[in-house]
Amino acid sequence: MMSKTLPPQQTQRLPSTQHIVLIERLRNVLIMMSAIALSAAIWLNLPDLSATTRIILITFALAILGWTATRINDTYIGLVAALVCLFVGRESPEQFFDSLGDSTIWLLMASFIVAAAVNSSGLAVRMAHLLAARARNINALFYALTSGLILTSFAIPATSGRAALMLPVFSAISGAIGNPRITRALALLFPTIILLSAAATLTGAGAHLVTAEVTLAMTGERLSYGRWLILGLPFALVSSFLSCWVITHLFLSRGERRMPVRLTNLSNDNARLTSAERRVGVIVLAMIALWLSEPLHGIHSSLVAVGGALIVTMPFVGVISFKDALKQVEWNLLLFMAATTQLGASLQSSGGAEWMIARLFTRFDQGGSLDFALVVTVICGMSLLAHLLITSRTARSSVLIPVVIVLGFSFGLNPTALAFLSTMAAGFCLTLPVSAKPLALFSQIDPSPFQPRHLILLSAALLPLHAMLLLVFALYIWPLLGLPMLSATPHVTIPEWYSASLI
């Protein structure tokens with residue numbers, strides 16, 4: 001009987017293997033055809049750009065295709081793309097190596113070390129328990145985490161630093177739940193809320209400071225910390241909780257949302273703090289205090305993070321050895337960030353990114369004949385999609401804000417309101433892991449909790465909702481809070497501003 005049943009099993013297994021190989025080959029062919037078509041489209045449709053700029057744009061587009069459609073390591077793709085741009089643009093090799101010494105890289109590395117100490121001391125588990133203790137089900141847990149993550153935007157200035165310090169909390173909660181689908185939703189929730197809640201404060205992102213400085217220089221109007229808080233906090237709250245609702249309903253079933261929370265592996269928050277927890281807690285609070293008071297003492301946030309990392313690993317004071325802490329640094333992520341930083345710098349220095357954005361905006365300069373609501377809608381849409389072209393949040397604002405302000409003058413709109421709207425919209429960067437450092441951080445967890453297709457799905461659901469939310473705030477809510485969209489200002493055309501800026 002066994003000899004009669006084995007052959008059918010073997011014959012069924014062979015076609016299955018052939019089928020998989022055939023699908024894989026077909027997939028590779030489609031990727032190659034897409035790469036060729038994409039390269040040809042950019043090269044042939046942008047004749048006004050130099051050959052160098054077009055090659056850099058093609059390299060960037062192919063990198064995005066590689067990150068989303070292939071199984072090649074993201075860091076490897078980023079390094080190859082960065083080197084191609086470096087050689088094509090004839091830039092100094094030191095520029096590539098200097099990206100490894102960027103202050104954000106050091107901030108992240110130091111934050112990883114501090115996070116390792118927080119995790120080693122047991123404080124991360126305690127923090128996770130405090131956030132999750134009152135949550136009766138998974139749905140309530142997600143909203144509790146959203147509230148906690150929003151509060152961190154007032155304490156920690158950099159989204160990348162917040163992500164690194166929250167990683168042990170995520171690991172503790174996801175490990176205690178032990179459900180892969182819930183882990184995936186949590187891994188999407190953490191970076192999403194970290195990025196969107198940054199809109200609440202002026203120091204939430206470097207792009208906010210750029211916007212405030214450019215707006216003051218070009219309009220004479222100041223966006224102070226208090227004014228930004230009044231305008232940004234309501235939007236941050238609504239967008240964060242709206243995104244939480246979308247994530248829970250998009251990636252979790254109704255039964256999973258109602259699943260009781262059983263975090264039996266987490267410590268009791270009523271127990272007394274251990275000596276290690278107290279030491280680490282004091283160090284983290286001191287770092288937060290120094291971050292918040294940076295305008296007073298002038299110590300850079302990255303130096304504060306490095307100092308904290310050295311203290312938590314100091315003999316007789318720290319809770320983890322420096323050698324063990326270094327083992328928990330995500331070096332793959334740091335290399336990925338350095339490569340994408342160079343890639344973004346090449347894209348910006350070549351003029352391709354600014355040219356495309358300016359070309360899109362100038363199509364709407366018709367002497368103020370367009371309805372102002374359409375202008376606001378166009379600026380909102382362009383700013384929302386800018387992260388697909390310019391990966392750095394600060395670089396996006398550096399390119400967008402001057403153009404948006406001049407466009408406001410051109411149409412008799414409030415340039416400060418348009419600049420604020422553009423900055424809020426440009427903070428939406430959830431489509432690709434390369435779009436934001438917190439996304440890159442959580443996508444590089446081993447094993448990876450989510451794939452690029454999950455981010456694209458989330459972005460496809462959130463982008464239209466955020467577009468409508470931004471328009472509601474821009475046209476109705478921000479005017480009530482003292483930032484009207486209409487303004488009687490002199491008419492200035494965009495071509496005049498560009499010709500002046502080139503002098």
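For the single chain, residues carry numbers from 1 onward in sequence order.
When atom types are taken as modelled, the side chain of S239 and the backbone of A236 share a donor-acceptor pair closer than 3.5 angstrom. Under the 3.5 Å distance criterion, the side-chain polar atoms of H387 are matched with a main-chain donor or acceptor of F428. A donor-acceptor contact shorter than 3.5 Å links the side chain of W228 to the backbone of A199. Between the side chain of W478 and the backbone N or O of L231, at least one donor-acceptor pair lies under 3.5 Å.
Nearest heavy atoms, A309 versus V312: O-CG2, 3.2 Å. The minimum heavy-atom distance linking V376 with A474 is given by the pair CG1-CB, 4.2 Å. For I193 against S243, the heavy-atom pair with the smallest separation is CD1-CB, 4.4 Å. Across all non-hydrogen atoms, the minimal contact from V114 to G308 is CG2-C, 3.9 Å. Nearest approach of L149 to L189, heavy atoms of both residues: CD1-O, 4.4 Å. Smallest separation of non-hydrogen atoms from S171 and S174: O-OG, 3.3 Å.
Checked against ring-ring contact (aromatic ring centres under 6.0 Å, His included), F142 has no partners two or more places apart in sequence or in another chain. Considering only residues two or more places apart in sequence or on other chains, F170 meets the ring-ring contact (aromatic ring centres under 6.0 Å, His included) condition with F190, F442. Residues forming a side chain to side chain donor-acceptor pair (under 3.5 Å) with R257 (at least two apart in sequence, or on another chain): none. A search for side chain to side chain donor-acceptor pair (under 3.5 Å) contacts involving T215 returns nothing, not counting sequence neighbours. Considering only residues two or more places apart in sequence or on other chains, S459 meets the side chain to side chain donor-acceptor pair (under 3.5 Å) condition with T431. In this view, E221 and R227, T416 satisfy the side chain to side chain donor-acceptor pair (under 3.5 Å) rule, not counting sequence neighbours.
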(Q) Run I477 and F235 through side chain to side chain contact (heavy atoms under 4.5 Å, CB included) and show every step you take. (A) CA-CA 9 Å; I477 297 179; F235 177 77; over 6 Å; no
Q) Can I182 and L141 be said to form a side chain to side chain contact (heavy atoms under 4.5 Å, CB included), step by step? A) CA-CA 11 Å; I182 296 176; L141 171 64; 5.9 Å; no
Q.
Assess the residue pair L421 and V404 against the criterion (side chain to side chain contact (heavy atoms under 4.5 Å, CB included)); give the C-alpha distance rounded to whole Å, side-chain angles, the decisive distance to 0.1 Å, and a yes or no.
A. CA-CA 10 Å; L421 167 65; V404 166; over 6 Å; no
**Q.** Audit row: L188, L430, side chain to side chain contact (heavy atoms under 4.5 Å, CB included) steps and yes/no
**A.** CA-CA 9 Å; L188 291 169; L430 300 171; over 6 Å; no
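Atom-to-atom distance recorded for I247:CD1 and H454:NE2 is 13.0 Å, nearest 0.5 angstrom. In this structure, CG in L469 is found 10.5 Å from CG in L462, a value given to the nearest 0.5 Å. For the atom pair CZ of R279 and CD1 of I283, the computed distance is 8.0 Å after rounding to the nearest 0.5 Å. L252 CG to R184 CZ: the interatomic distance, rounded to the nearest 0.5 Å, is 9.5 Å. A distance of 11.0 Å separates CE in M424 from OG in S383, rounded to the nearest 0.5 Å. Note that CE of M468 and OG1 of T377 are 12.0 Å apart. Values are rounded to the nearest 0.5 Å.
With a 4.5 Å cut-off on side-chain heavy atoms, L418 and I405 do not count as touching. Using a 4.5 Å heavy-atom cutoff, the side chains of I138 and T248 are not in contact. Annotation: side chain of P191 is not in contact with side chain of L441 (no heavy-atom distance under 4.5 Å). Taking the side chain as every heavy atom from C-beta outward, T211 and F420 never approach each other to under 4.5 Å. You'll find the side chain of L242 stays beyond 4.5 Å of the side chain of L196, heavy atoms only. For the pair F473/P234, a side-chain contact is recorded, criterion being any heavy-atom separation below 4.5 Å from C-beta on. At least one side-chain heavy atom of L186 sits under 4.5 Å from a side-chain heavy atom of I177.
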